[in-house]
4 protein chains.
Amino acid sequence: MTTQPISDDKTFTSTEGKRAQQARKTKNKILTAATKVFAEDGFSGGRIERISREANSNDRMIYYYFGNKEALFLNVLETTYLEFYKAEKALDLDTASPIESLKKVIAFTFRYYLDHPEFVAILNDENLHRAKHSSQSENIKNISGNIQGNLVPLLEMGQQNGVFRKEVTAKNLYLTISSLTYFYCSNQYTLTVFVGKNFQDTAFQDEWLKHISDVVIRSVIVDA
Amino acid sequence: MTTQPISDDKTFTSTEGKRAQQARKTKNKILTAATKVFAEDGFSGGRIERISREANSNDRMIYYYFGNKEALFLNVLETTYLEFYKAEKALDLDTASPIESLKKVIAFTFRYYLDHPEFVAILNDENLHRAKHSSQSENIKNISGNIQGNLVPLLEMGQQNGVFRKEVTAKNLYLTISSLTYFYCSNQYTLTVFVGKNFQDTAFQDEWLKHISDVVIRSVIVDA
Amino acid sequence: MTTQPISDDKTFTSTEGKRAQQARKTKNKILTAATKVFAEDGFSGGRIERISREANSNDRMIYYYFGNKEALFLNVLETTYLEFYKAEKALDLDTASPIESLKKVIAFTFRYYLDHPEFVAILNDENLHRAKHSSQSENIKNISGNIQGNLVPLLEMGQQNGVFRKEVTAKNLYLTISSLTYFYCSNQYTLTVFVGKNFQDTAFQDEWLKHISDVVIRSVIVDA
Amino acid sequence: MTTQPISDDKTFTSTEGKRAQQARKTKNKILTAATKVFAEDGFSGGRIERISREANSNDRMIYYYFGNKEALFLNVLETTYLEFYKAEKALDLDTASPIESLKKVIAFTFRYYLDHPEFVAILNDENLHRAKHSSQSENIKNISGNIQGNLVPLLEMGQQNGVFRKEVTAKNLYLTISSLTYFYCSNQYTLTVFVGKNFQDTAFQDEWLKHISDVVIRSVIVDA
DNA sequence: AATGAATGAGGTTTCATTCAT
DNA sequence: GATGAATGAAACCTCATTCAT
């Protein structure tokens, strides 16, 4: 399967006519519906028919615009990753206050996962299939390099200031934050059963955020 | 759907004859195959036919012993949870050395996830379906209460000794450890793509274990 | 398919031992259950498994005693016919009062159908399959000759007395009575929907019996 | 299960194109084949595969147009009822000659049942299942009210003329005619075995019609 | 660009029946 | 005599996909 650059879409030109505009609209509706359906039912469980129905379109259009189910999923995947990437890049961090910035990153990441269950669900599905689609996509590879982007300057400044320990690496910090935020969201339903707390409760979410901020900061600040 | 106590299986009696023995064997072979297949392909993607083939049995026996696909999955789920629970309980911890014990728990948890990808995969599938099966099962509810069992005495001892901070709760500690171990395993394939490291590499796994042990311990020890 | 005389059953001897007695009991339980199940679901819809369950036996015994599903049905059919035949023969009619006797026959027939929905249901199923089984069975052929048995003497007496018209034939009288009684029972559920009356209501049943008695008698008595 | 008005079919518009026309044809072919198969084998015994084969279509189209086997049966049921209803309404009766008209109704009814064994078979199947489908269908309820339509004016005229007895009710007359005509047809195969006459023989059918006309008329005319 | 009609492969499940003790 | 285990054929139904306007 080959993938084309997301933005260089054949149905999108700046001077597009009504037909083209309509086409882009339909395509987007399908993509939105597909994201929702794949997030709820996974790739295998997601039904073409349900996607086209939720998009107020019909099956045939999915094949017209995306080729087949797998290509549609790939498109959903790329779009979903890209959204996350864009949101992350949009974070406005003041490197002068590394600890505050770090807290901001943690809070953003946690909130993003909570607010975008489809991102979490699709990532899980990808891992079920051993990143089969992700590893095929050029678009995704282009994003992947920048994934720890926010942390690097922040960490450097903190280390220069003597606030953060020298041993801390951006990669470990990134994975630590990801773990502590992602797990809560991705496993919230089984955790609710097992831990006996309601992980959908916002108060409990706030408490968790406070806790993991503390954990992360304790893991990076210099020893007293 | 109703579930029966796992151990009170109609095909298992201590004085069982050859027939009953054979039957139990067949049932177990199906369960093992089902665990594998559901772990690899999820509930929707898992095929009855493949399960029966891998079990060297035939489709019909699955319905004979388990009723239908969903009940089979529920059985797999319960068995998988129970295995984890038993392994956890079998951990021999010396509460006299809370830090060493804590490290043991972290290492055990991490290794268990690494060694049992089916547990991770099935948990993910359960969360995709909002713990639909887990919340229905009495067997699972029976386990759930004890899930933080190992940590409580360990934490208490550490706090009495003045090694751990008073504010630390078993629940937060449990979730912290789970996050830091689970995420690495569950998302290893997409992480490999995004972070550019091979998460299946044992050296990298060791490095991560060392890192998270450090993070967890820093999060619980008393401030200097 | 061959059929054996019903009473000459291999499992029935007057000096039977305990085992044989038990066997006959099991066989009867199966037959009773089968009658019920076939009556409710038809031949195609009737499930072997449900029959054995309702008989507190197991599938295997059905094959042990009856051979296969079709032979079981044939047995049910024969038994059901025979029951009707025996009940009919047991009618004690006073040929001296032909009209009263005729009323008795009509009432008996109607009540029998009402009280034995399984007879009606199984007859319908037989007709669906063009009397496939009935025409194969020797036992049934033996019964068939006597089917109008009650009416012949009654009719003759009435004609001799000058109460009944000479043209009336036993066959027509038999079919007329059968029609007027059977249809009410066999079609009671659709009739309830279409006619808007509750055909299960005993008052309505009584009313109908009165009506058809009148119709039949008017059809046989001599013109004024 | 919900039913839609039969005539308001999505595949039928007065200005339909070739495609829609073809679609309607396919749907009709399936319906015709289904009617035949269900009539021959009942609901349980009727096979989807046979229906699609006889319709020169494929299994999938049955689900495309009707949803499932039960809905298909419901459709067959409704159509079959409607056909009968339309034929009945089309009867051109001269109320001026009540007796002649009555004979016409009797003959029509008898002939209809003879000529439409599928109607009889499907009614029987419905009664086996206690009118499960009929009672669910709005379309059928709409028909049901008019079922004795032909008899009412005829009966009134006869009673005004002093030809028919005042006590006769349309409902009883309707049920009497139905009984005497339906039973002959519905039970013709077992009757052939039991009575020893060939109920498929047209001469015998004519004889029966003559007989029941006589019975019905004797049941309504004023006493001499 | 859009869509209803059609399809075949394959999915889950059911069923009557036989095996083996 | 009785029964649990096993089976293969076939049933209903679903699904992604293509055809034909």
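First the proteins, then the strands, lettered A, B, ... as listed; each starts at 1. Every heavy atom of this structure was used, including side-chain atoms; hydrogens, water molecules and symmetry mates were not.
Side-chain N/O atoms of B:Tyr64 include one lying less than 4.0 angstrom from OP1 or OP2 on F:dA5. Close to F:dA2, at under 4.0 Å from its OP1 or OP2, lies no side-chain N or O of C:Asn58. Put simply, B:Gln22 has no side-chain N or O that comes within less than 4.0 Å of OP1 or OP2 on E:dA20. OP1 and OP2 of E:dA16 both lie 4.0 Å or more from every side-chain N or O belonging to C:Asn68. The side chain of B:Arg47 places an N or O atom within less than 4.0 Å of a non-bridging phosphate oxygen (OP1 or OP2) of E:dG11. Between A:Tyr63 and F:dC19 there is no side-chain polar atom (N or O) within less than 4.0 angstrom of OP1 or OP2. Listed pair B:Thr26 / F:dA6 meets the phosphate criterion, a side-chain N or O lying under 4.0 Å from OP1 or OP2.
In this structure, D:Lys25 atom NZ and F:dA20 atom P are separated by 16 Å, rounded to whole Å. Regarding C:Ile30, its CD1 atom lies at a distance of 10 Å from the P atom of F:dT3, rounded to whole Å. Atom CD1 of B:Ile48 is separated from atom P of E:dT14 by 11 Å (rounded to the nearest Å). Distance CE (D:Met61) to P (F:dT18): 17 Å, rounded to an integer number of Å. Distance NZ (A:Lys29) to P (E:dA1): 15 Å, rounded to an integer number of Å. We find that CG of B:Asp41 is positioned 11 Å from P of E:dG11, with the value rounded to whole Å. Note: CZ (B:Phe66) to C1' (E:dT13) measures 16 Å, nearest angstrom. Atoms CZ (D:Arg53) and C1' (E:dT7) sit 17 Å apart, rounded to a whole Å.
No donor-acceptor pair closer than 3.5 Å links the side chain of A:Asp125 to the backbone N or O of A:Ala121. Distance alone, capped at 3.5 Å, places no donor-acceptor pair between the B:Glu54 side chain and the B:Val37 backbone.
A residue-by-residue look at B:Asp59 and D:Lys69 shows that B:Asp59 has its nearest nucleotide of DNA chain F further toward the 5' end. In terms of position on DNA chain E, the residue among B:Ser44 and D:Asn56 whose nearest nucleotide sits closer to the 5' end is D:Asn56. Place A:Arg60 and D:Glu49 on DNA chain F by their nearest nucleotides, and D:Glu49 ends up nearer the 5' end.
As judged by a 4.0 angstrom heavy-atom cut-off over every strand, A:Gly67 is placed among residues making no nucleic acid contact. Within 4.0 Å of A:Gly45, counting heavy atoms only, lies no atom of the nucleic acid at all.
Nucleotide F:dC13 has E:dG10 as its partner under the Watson-Crick or G-U criteria, with both atom distances under 3.5 Å. Nucleotide F:dT21 has E:dA2 as its partner under the Watson-Crick or G-U criteria, with both atom distances under 3.5 Å.
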Review point. Passes side-chain hydrogen bond (donor to acceptor under 3.5 Å, both in side chains), D:Glu118 versus D:Thr35? Steps please.
Key: CA-CA 7 Å; D:Glu118 80 284 359; D:Thr35 304; over 6 Å; no
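Each of C:Leu74, C:Ile51, C:Ile30 was evaluated against C:Phe66; a single residue qualifies, C:Ile30, per the side-chain contact (heavy atoms from CB on, under 4.5 Å) test. Evaluated for a side-chain contact (heavy atoms from CB on, under 4.5 Å) with A:Leu72, the options A:Phe43, A:Tyr63, A:Phe38 yield exactly one hit, A:Phe38.
Side chains of B:His133 and B:Glu78: no donor on one and acceptor on the other come within 3.5 Å.
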